[in-house]
K.L.:
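Below is one structure. I have some questions about it.
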Amino acid sequence: MRRRAAALPAAVTILAATGAVGACGGPPAVPEAHFMPIPMSDVIPAPLEARPAPGADFHIEPSTVIAAARSAEVRPTADWLAALLRRGTGFPLPVVAPGSRGSGVISLQLGDAGAALGGEGYTLSVSPSEVRIRANAGAGLFHGAQTLRQLLPAAIETTHAAGPWVVEGGTIVDHPRYPWRAAMLDVARHFFSVADVERYVDELALYKVNVLELHLSDDQGWRIAITSWPRLTTVGGSTAVGGGPGGYFTQAQYREIVAYAASRYITIVPEIDMPGHVNAALASYGELSCDGVAPPLYTGIDVGFSSLCVGRPITMRFVDAVIAELAALTPGPYLSIGGDEAQSTPPSEYASFIAEAARAVSSHGKVPVGWAEIAAARLPPDAVAVYWNIDDAGSSARQAAERGLRVVLAPANHCYLDQKYDPSTVLGLTWAGPISVEQSYDWEPTDYAIPAGRIEGVEAPLWSETLTTMSDIEQMAFPRLPGIAEIGWSPPSTHDWARYRVRLAAQAPRWEAMGIDFDRASGVPWPQT
Ligand code: TNX
């Protein structure tokens with residue numbers, strides 16, 4: 001794992017040093033701005049309502065306590081917040097029982113937050129004596145805690161920095177626009193470790209992303225152990241794009257990722273791509289291919305050349321076994337069957353295969369998810385179709401909506417984090433891009449002629465043909481991911497590129513403090529380092 005113990009960025013170092021100077025009565029050596037609380041309106045995603053109350057700032061002091069019930073919905077978030085704030089401030093910040101009197105309380109309260117807030121919304125009220133986060137459910141408390149985090153200076157992300165730790169007074173009332181605010185990570189083209197995936201989960205949580213689709217199989221690699229078909233990983237997991245060693249998650253490791261994500265209120269949606277994108281599976285078991293011959297492992301980046309042999313009993317036995325094991329490992333409600341770019345599957349067979357695979361998903365208790373091509377098949381009405389292919393100008397998304405499916409929008413020319421920012425970007429592909437920061441933010445889910453009630457949310461896929469390290473992931477996701485997260489969470493009335501680019505630039509010191517290797521892409525007024 002790289003760069004977790006980041007060096008303090010220049011601004012933070014100065015801030016820490018100034019604390020000492022101030023104690024000796026000397027003049028502050030940094031601009032006033034560094035001591036100003038962060039405005040509530042700077043939070044990303046933009047809150048539904050933010051009403052600052054001048055003069056009502058809260059100061060985190062050595063005597064501050066965190067008040068939280070011991071319940072499973074409250075205590076883990078209190079502990080998470082306490083750990084973050086203790087590391088940043090060096091203060092003890094004990095977690096105490098609710099109702100303890102005294103000033104200087106950060107309280108997390110469950111219940112009675114109002115039906116409009118749903119399970120993910122929260123209110124955050126800041127007065128001189130208390131920061132109070134209230135929500136109807138654990139997810140809302142956690143999102144409120146992430147907002148509080150963003151209201152503190154970037155130095156909170158470092159270790160034992162000097163304050164002051166001032167939270168702007170006022171009230172935030174906030175809940176998401178859409179229930180599905182997803183990222184997708186391709187661990188198939190190149191494999192990423194448990195630690196990398198968990199680090200990405202933490203980065204997503206900061207922006208209230210609540211779904212992470214894991215693209216667990218493709219032509220170049222099979223990345224999840226399936227006990228009943230062991231060669232999928234021992235053979236199919238043994239390489240990657242460019243011929244590297246590949247890798248795979250054991251079932252225990254996958255469970256660990258799922259549990260870690262759940263602790264950040266992120267649902268893992270496992271994806272096994274079929275009937276195309278299956279060369280790694282065919283290389284492992286030749287009987288899955290129509291000619292019965294296992295092809296060699298593949299390490300290039302072409303798409304559309306492989307297919308399961310539709311209609312053979314062994315194919316459905318394979319599909320059912322994989323889905324059964326994955327469903328048993330996955331507590332979340334969803335399981336994706338991919339379904340994209342099946343150019344080597346005859347169209348007549350594609351629809352029947354997808355319908356059958358979706359039935360298998362349902363029969364193992366999960367909701368089928370797939371790329372929007374799956375709308376060509378008969379599917380259960382709760383299925384979710386993820387629109388990506390801009391070449392069809394939205395028709396697959398509209399077909400999905402007409403069939404009554406829920407639609408997630410991931411239009412490639414806005415949401416594909418694997419596309420270059422501009423022609424000079426070293427990493428990434430170009431087929432749907434380049435995608436500038438502005439282009440990734442400047443779009444509207446309702447632009448695709450889909451009835452509003454069918455839109456489930458947004459998704460930002462990160463394909464990994466050109467990415468091999470955590471640093472590569474971060475350079476492509478940051479700064480574009482927060483913009484897509486904001487489109488999924490914030491009301492359209494807050495949408496304003498001119499203001500957003502300034503708010504986004506203000507995140508840079510936090511990313512530096514967290515050691516996130518972001519791209520200082522053009523169009524954003526990044527602070528000088
Ligand atoms: C299209 S998007 C794909 C992926 C590639 C990606 C590269 C989708 C459902 N399929 O197989 O990795 O483009 O940008």
Side-chain angles (χ1 to χ4, degrees), residues 182-192 211-223 240-242 269-281 298-308 334-345 350 354 357 368-377 383-397 399-400 405 407-421 425 427-435 439-440 458-468 472-473 475-477 480-481 484:
M184 187 226 79
L185 183 64
D186 174 4
V187 297
R189 268 53 175 271
H190 284 107
F191 182 63
F192 294 92
V211 172
L212 174 60
E213 179 168 355
L214 280 181
H215 185 74
L216 290 168
S217 70
D218 213 304
D219 291 315
Q220 300 85 348
W222 186 285
R223 308 299 182 202
V241 166
V269 177
E271 179 193 348
I272 297 295
D273 209 345
M274 54 182 113
H277 290 274
V278 291
N279 192 79
Y298 181 69
T299 60
I301 64 166
D302 285 345
V303 297
F305 61 88
S306 60
S307 179
L308 293 173
Y334 303 105
L335 198 153
S336 175
I337 53 174
D340 61 312
E341 296 175 321
Q343 282 102 308
S344 297
T345 312
Y350 175 82
I354 290 292
V369 178
W371 302 102
E373 288 98 314
I374 64 166
V384 176
V386 184
Y387 169 66
W388 65 280
N389 188 1
I390 48 173
D391 291 343
D392 76 21
S395 67
S396 56
Q399 182 179 27
L405 308 184
V407 179
V408 170
L409 291 154
N413 58 332
H414 297 290
C415 294
Y416 267 32
L417 301 176
D418 71 319
Q419 301 295 300
K420 291 179 187 292
Y421 291 87
T425 311
L427 300 169
L429 302 177
T430 54
W431 71 267
I435 302 178
Q439 172 137 349
S440 67
V458 302
E459 181 157 330
L462 184 47
W463 303 99
S464 64
E465 286 93 334
T466 67
L467 316 179
T468 56
D472 294 347
I473 290 176
Q475 285 176 44
M476 300 313 274
R480 290 178 293 195
L481 174 89
I484 296 160

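Both ligands and their constituent atoms are indexed starting at 1 by order of listing. Residue numbers count from 1 along this sequence. Computed over heavy atoms, backbone and side chain alike; hydrogens, waters and symmetry mates excluded.
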K.L.:
Got an N/O contact under 3.5 Å between Trp431 and ligand 1?
P.N.:
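Between Trp431 and ligand 1 (N or O atoms, distance only) the closest approach is under 3.5 Å.
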
K.L.:
Quick check on contacts: which atoms of ligand 1 are under 4.0 angstrom from a heavy atom of Gln419?
P.N.:
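Numbered from 1, ligand 1 contributes 14 (O).
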
K.L.:
Minimum heavy-atom separation for Tyr416 to Ile435, with atom names?
P.N.:
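Between these two residues, the closest heavy atoms are O-CD1, 3.6 Å.
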
K.L.:
So which atom in Gln419 and which in Met476 form the shortest heavy-atom distance, rounded to 0.1 Å?
P.N.:
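Distance-wise, the nearest heavy atoms are O-CE, 3.4 Å.
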
K.L.:
Would you say Asp218 has any N or O atom under 3.5 Å from an N or O of ligand 1, going by distance alone?
P.N.:
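Between Asp218 and ligand 1 (N or O atoms, distance only) the closest approach is not under 3.5 Å.
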
K.L.:
In terms of atom number and element, which parts of ligand 1 are under 4.0 angstrom from non-hydrogen atoms of Asp418?
P.N.:
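So the answer, numbered in order with elements, is 7 (C), 14 (O).
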
K.L.:
Using a plain distance cutoff, I'd like to know if Tyr416 has any nitrogen or oxygen under 3.5 Å from a nitrogen or oxygen of ligand 1.
P.N.:
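No, no N or O pair falls under 3.5 Å.
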
K.L.:
Which of the numbered atoms in ligand 1 are below 4.0 angstrom from a heavy atom of Leu429?
P.N.:
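Numbered from 1, ligand 1 contributes 7 (C), 14 (O).
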
K.L.:
So which heavy atom on Ala397 is nearest to which on Val407, and how close?
P.N.:
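Residues Ala397 and Val407, closest heavy atoms: O-CG2, 3.7 Å.
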
K.L.:
Establish, from distance only, whether the side-chain atoms of Ser307 and Ser344 form a donor-acceptor pair under 3.5 Å.
P.N.:
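Ser344 and Ser307 do not have a side-chain donor-acceptor pair below 3.5 Å.
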
K.L.:
Who's the nearest protein heavy-atom neighbour of atom 11 (O) of ligand 1, and how far?
P.N.:
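So the nearest neighbour among protein heavy atoms is Arg189 NH2, 2.9 Å.
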
K.L.:
Polar-atom distance check: Trp388 versus ligand 1, any N or O pair below 3.5 Å?
P.N.:
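No; every N/O pair is 3.5 Å or more apart.
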
K.L.:
For the backbone of Pro275 and the side chain of Tyr350, can you confirm whether one donor and one acceptor N or O come within less than 3.5 Å of each other?
P.N.:
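Answer holds: no.
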
K.L.:
Checking Glu341 now: which residues fulfil side chain to side chain donor-acceptor pair (under 3.5 Å) with it, not counting sequence neighbours?
P.N.:
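Applying side chain to side chain donor-acceptor pair (under 3.5 Å) to Glu341 gives His277.
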
K.L.:
With heavy-atom distances below 4.0 Å as the criterion, list the atoms of ligand 1 near Trp371.
P.N.:
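Those atoms are 9 (C).
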
K.L.:
Would you mind listing which atoms of ligand 1 come within a distance below 4.0 Å of any non-hydrogen atom of Glu341?
P.N.:
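By the 4.0 Å cutoff, the relevant atoms are 1 (C), 3 (C), 4 (C), 10 (N), 11 (O).
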
K.L.:
CZ of Arg189 to CG of Asp219: how many Å apart, nearest 0.5 Å?
P.N.:
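One finds 7.0 Å between CZ of Arg189 and CG of Asp219.
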
K.L.:
How far is atom 8 (C) of ligand 1 from its nearest protein heavy atom, and which residue and atom name does that atom have?
P.N.:
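In this structure, atom 8 (C) of ligand 1 has Asp340 OD2, 3.2 Å as its nearest protein heavy atom.
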
K.L.:
Below 3.5 Å, N or O to N or O, backbone or side chain included: is there any such pair between Asp186 and ligand 1?
P.N.:
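Not met; the criterion fails.
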
K.L.:
Verify, without hydrogens or angle tests, whether Glu271 (side chain) and Ser217 (backbone) share a donor-acceptor contact under 3.5 angstrom.
P.N.:
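No; judged by distance alone, with no hydrogens or angles, the pair does not exist.
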
K.L.:
Please determine if Trp463 has a nitrogen or oxygen closer than 3.5 Å to a nitrogen or oxygen of ligand 1.
P.N.:
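Trp463 vs ligand 1: no N/O contact under 3.5 Å.
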
K.L.:
How far is atom 12 (O) of ligand 1 from its nearest protein heavy atom, and which residue and atom is that?
P.N.:
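Closest protein heavy atom to atom 12 (O) of ligand 1: Glu465 OE2, 2.6 Å.
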
